[in-house]
Every structure is written in C-alpha cells, then in structure tokens.
There are 2 protein chains.
Amino acid sequence: MVNTISHIHCQNCSMAPLCLPKNLSEGDMARLDTIIQRHKPLHKKDLLVTADAPLRYLYAVRSGSLKSYTLDDHGVEQIIDFHLPGDLVGFDALATGRHRSFTQALETTMLCEIPLNSLDDLSAEMPVLRRELMSMMSSELYTSKQLLGSLNNRAADARLAHFLLGLSQRFADRGLSGKSFRLSMTRADIGNYIGLSVETISRILSRLQHENVLLVENKLVEILAMDRLERLAG
Amino acid sequence: MVNTISHIHCQNCSMAPLCLPKNLSEGDMARLDTIIQRHKPLHKKDLLVTADAPLRYLYAVRSGSLKSYTLDDHGVEQIIDFHLPGDLVGFDALATGRHRSFTQALETTMLCEIPLNSLDDLSAEMPVLRRELMSMMSSELYTSKQLLGSLNNRAADARLAHFLLGLSQRFADRGLSGKSFRLSMTRADIGNYIGLSVETISRILSRLQHENVLLVENKLVEILAMDRLERLAG
DNA sequence: AGCTGTCCTTGATCTAAATCAGGAAAAATT
DNA sequence: AATTTTTCCTGATTTAGATCAAGGACAGCT
C-alpha cells in the first residue's frame, strides 16, 4: 500500500484555498505541485531557518505554527511574526537572497518546501501565479504596516485586543473557530510581539476574563464578547 | 526647442540606480521607459492617493517626499510610511486592487506614474524586472518588520535614534549627505510614526544636541557623533 | 512689512505600564 | 511518579513618557 503521508498534493491539501495555489486553475495547480516538496516535520523549538542562511525555498505551513524573530545587538529575541497554516515563510528574504530572521516551530509543524528557482520560472509562464505571489506579499506588507499603526500610540489593552482579533480572523479564514482557539505561543511571546511585558499581558487577560469579554484557560481562549473586544481594539 | 521637462526618461534619471530600473539592461530600461508617464507636480499637502481609490498606477518618487497614513476609527491620522526619491508607492494595495492609505506630499514633489497593467505584462517578459519588483517589495516588508522590532520594547531615545539613522542611510543611498539633512516632516509626524508625543521628540532632540550627538536647527539635522547615535539605537 | 496660524520648545504634573518580588500551576524531563 | 524547569499570575513600587500649560519662533498670506 502507498504511504499516504508521502503523497500530499496541493490538489488535496485543505490549505490550498488560502495558500499560494488558491487562484490557480487545475492545470496550473498541478504544475505548481510538481515543484513542491515536503519538508520533514518540525518539533516544538526546532529551527526552520536561521538568519543569514541562503534563501533556497519558500515554505508553506501545512499544519502547526511558527514564530519568526531577529536578535538585537544584545542578543535579545525580537519576534516579528507568527505563522499559521496557509502562510508562506521567506518573503522578507527575497531582496538579499539570505534569510533575515530565525523561524522556529511553536509546536509540531508540517511544511511544504517550494524551490525558489523553479517558482521564478513558473511565475514567468503563469500570470495568475505571478499575481498571487505579488498579492500575498502585498497583504503581508499591509498587515505589517497596519500592525505598526495599531501598536504605536495605543494603550496596552487595545494592543492585546488587536492581536487577539487578528488571530481570531486568521483562524476563521482557515475554517476553524474564530471564537475559541488555542494560543501556541507563550504570554512572553505575545508581549514581545506587541511590545508589552509578560505581566501586563497576564493582567489584561485576567481583567478581560473578569469583565466577561474573554474566557481564558491556560492556552485556550474563548471570545465571549466580540463586539466589546473590537471596540477595545479601536 | 524641446521642453526638457517633458522628456524625463529612466535613462537619464538620477534616481534610476535606486528605482525600479536599477538592474535592467539598456534595452529593458528603454522598454520600461515607454510605459512610464509623468505625473503633474504635487505641492505641499496635495494628496497623491486616497484610501479606497482603485489602484491603477504605482508611483515612483522623482524628487520631494510624501507621507502615507491611515485614519483610525476616530479619524485620527496614523502615519505608516515616509517616501523619498527612488521609492515606489502603492505596493500595499496590490492584494486588494484598492489603495489602503492616503499619501500626501510633504513638499513640492515630482513623480513618475507606472500603469499596473503594462507593468504586469512587462514583468512576464522581463525576468529581471519581475525579480526587481519582488525584491523591492521584499525590502519594504523587511524594513517594516524591522521597524516593528525596533519600536516595540524600546525607549524613546532609541526609537528616535533608529528613525534618524534610517533617514540618514536612505539619504546616503541616494548620493546625498547622510550626516546633514533636512527633515521634510514635522516633529508631530515623526512622533506619530514612531509612537511618541511631539513634546518627547522635541525634548530628545534638544537633549541630543546638548550632548553633542546632533546639531539641530529647525528642520536641519546634522549628525555629529554617528557612533553614539548608533549605540543609542541599539 | 505685518498678520495669522502652525510648529516647536520647555516646564510641571500625572499615569500607564515596567520592574521587582514571590508564589502557584503547568509542562517537560528523569 | 517525582523532580526540575518553564510558564503564568498577582501585588507593591517605580519610572518613562503622556498630558497639561504657556510662550516663542517660523512660514505662508495678504
């Protein structure tokens, strides 16, 4: 019998509607599929890419999650991204041809590996793929700039609300519950990402729980009052 | 006699080495040049694009400068970018086909207008142009994420130092002085962008002047001790 | 040149969130 | 199952930067 694990294709991947092949015709998708390879599963804390390493592949997250971070002058981690299934990892490295951050699994994570050379060739021939690539980068750019706007000049609870709503939206986009989900990152990771101390994250989660906006149990979060959370996020 | 103003071409534009055509062959550059149009000059405070307007062109800044901003729920401006000569405006709108921010001239500004449809066609045929587009988006993405990292969790003086060093680098890249330059944005704009109040910007500039790190005279800034500024930025 | 509105600076006060501290609960490792 | 390590929570204290306040310097107008 054929091992099904070794035969994952874009055509039968549940993430396809969100991922790179989302707007491709059947034929185009099949062509893209031929260049895509599977990557061995990562365990929690495994590194996918290291800053400065040459960029050879873009990675598509199939399941699990990761964080990307840089190290500042003092070797302190600075988280710049969380990646969920359907996300592509590596766009920020295209300009230099080298990765500019570390990317580490937050839990057991499965990935597809897309060789850049082949992708570039394909994008010459497939206008839809080319536009999709541009579009995904553009979205990431927008999200990143939005984040800037919603962190600067905003109170701690607004930042955290924005973060939770962003996650909620992304889970919902993936066909999962946007109301009830698991945080694969620690409170410290969240604080690092949105510029707050762990204690502040913890306190605000507790407060929102008391105010019946959230229900928090360890890593599990349930949004009880989406409207109030949205009002908080501003 | 031919009016020279009406005959600006990539081939004789001083910004070409930084701008979209930077890596193109002579022939490719000439082809790109045929689709590029000039935009009428903007005066200070003129809007180039409005949020929600359909995206038809990318704009390349030839001279002058602009700021991009969104409006939050309460109609408060939130600056997400400053554009200098050689920069391209509009990348964050590719995904939706609509602009997602307002872009306004900070001074008299000259621009080139690049029709998106033609650019897409060209990028199918010109691999170097395609990669250049991707590369420019990637750079912008990286800068944006870097900024996130260097604003979060950082003291006010480190933020401002980072901002000034970023400007300095960009001026230097453009063949201008990285040591002595003019701020085309107000203190309030800077504060808005890096998440500090006007007063704090003003105070830190004064302090850095007293400490002989900077020389500030209205809009003019001279960096006296680059090393100390870099140490501050961390 | 003089007027008007915006922009910048400096000082005094206040406050939100960081830091310090300690303990409890999970999770990983043995 | 027991032990170690990491993560999370809550309280007390401190502090960096916001806010309030007011005067002075520019820049754009007429």
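Computed from a predicted structure; not experimentally measured. Here is how names work: the chains are called A, B, and so on, in the same order as the sequence lines, proteins then strands, and each is numbered from 1.
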Across all chains, not counting sequence neighbours, the side-chain contact (heavy atoms from CB on, under 4.5 Å) partners of B/L47 are B/T50, B/Y69, B/F102, B/Q104

Between CD of A/E107 and P of C/dA26 the distance, given in whole Å, is 20 Å

note: A/E217, atom CD; D/dC9, atom P; distance rounded to Å ~ 11 Å

- [ ] Answer yes or no: does a side-chain N or O of A/R187 lie under 4.0 Å from OP1 or OP2 of D/dC8?
- [x] yes

field: Sugar-phosphate only, base, or nothing, as touched by A/S202 at under 4.0 Å among non-hydrogen atoms
entry: base

Those residues at least two apart in sequence (or on a different chain) that pass ring-ring contact (aromatic ring centres under 6.0 Å, His included) with A/F181 are A/F171

To the nearest angstrom, the CD-P distance between A/Q209 and D/dC8 comes to 15 Å

Sequence neighbours excluded, the answer for side-chain contact (heavy atoms from CB on, under 4.5 Å) partners of A/S63 is A/M110

Counting primed atoms, P, OP1 and OP2 as sugar-phosphate and everything else as base, the B/S/- map of nucleotides 18-30 of chain D against protein heavy atoms under 4.0 Å is SBB-----S----

Extract all donor-acceptor atom pairs below 3.5 Å that involve side chains of residues 155-169 of chain A and protein atoms in other chains or at least two apart in sequence.
residue: A/D157; atom: OD2; partner: A/R207; partner atom: NH2; Å: 3.2
residue: A/R159; atom: NE; partner: A/L151; partner atom: O; Å: 3.3
residue: A/R159; atom: NE; partner: A/R154; partner atom: O; Å: 3.1
residue: A/R159; atom: NH1; partner: A/I194; partner atom: O; Å: 2.9
residue: A/R159; atom: NH1; partner: A/G195; partner atom: O; Å: 3.4
residue: A/R159; atom: NH2; partner: A/L151; partner atom: O; Å: 3.3
residue: A/H162; atom: NE2; partner: A/S150; partner atom: OG; Å: 3.1
residue: A/S168; atom: OG; partner: A/G178; partner atom: O; Å: 2.7
residue: A/Q169; atom: NE2; partner: A/D173; partner atom: OD1; Å: 2.9

NE2 of A/H74 to CG of A/L71, rounded to nearest 0.5 Å, is 12.5 Å

Contacts of B/K22 meeting salt bridge (charged side-chain N to carboxylate O under 4.0 Å, His left out) (sequence neighbours excluded), chain-then-number -> B/E132

To the nearest angstrom, the CG-C1' distance between B/L151 and C/dA17 comes to 17 Å

B/E222 meets the salt bridge (charged side-chain N to carboxylate O under 4.0 Å, His left out) criterion, sequence neighbours left out, with none

note: B/N152, atom CG; C/dA17, atom P; distance rounded to Å ~ 14 Å

Contacts of A/H210 meeting side-chain contact (heavy atoms from CB on, under 4.5 Å) (sequence neighbours excluded), chain-then-number -> none

Annotated structure of DNA chain D as dot-bracket, pair cut-off 3.5 Å, Watson-Crick or G-U only, | for inter-strand, is ||||||||.||||||||||||||.||||||

Rounded to whole Å, the CG-C1' distance (A/L183 to D/dC8) equals 13 Å

When rounded to whole Å, the CG to P distance for the pair B/L208 and C/dT9 reads 12 Å

Within the supplied structure, the quantity of interest is the number of heavy atoms (other residues, nucleotides, ligands) at a distance under 6.0 Å from B/K219 NZ; does it exceed 12? yes

To the nearest angstrom, the CD1-P distance between A/I204 and D/dC8 comes to 15 Å

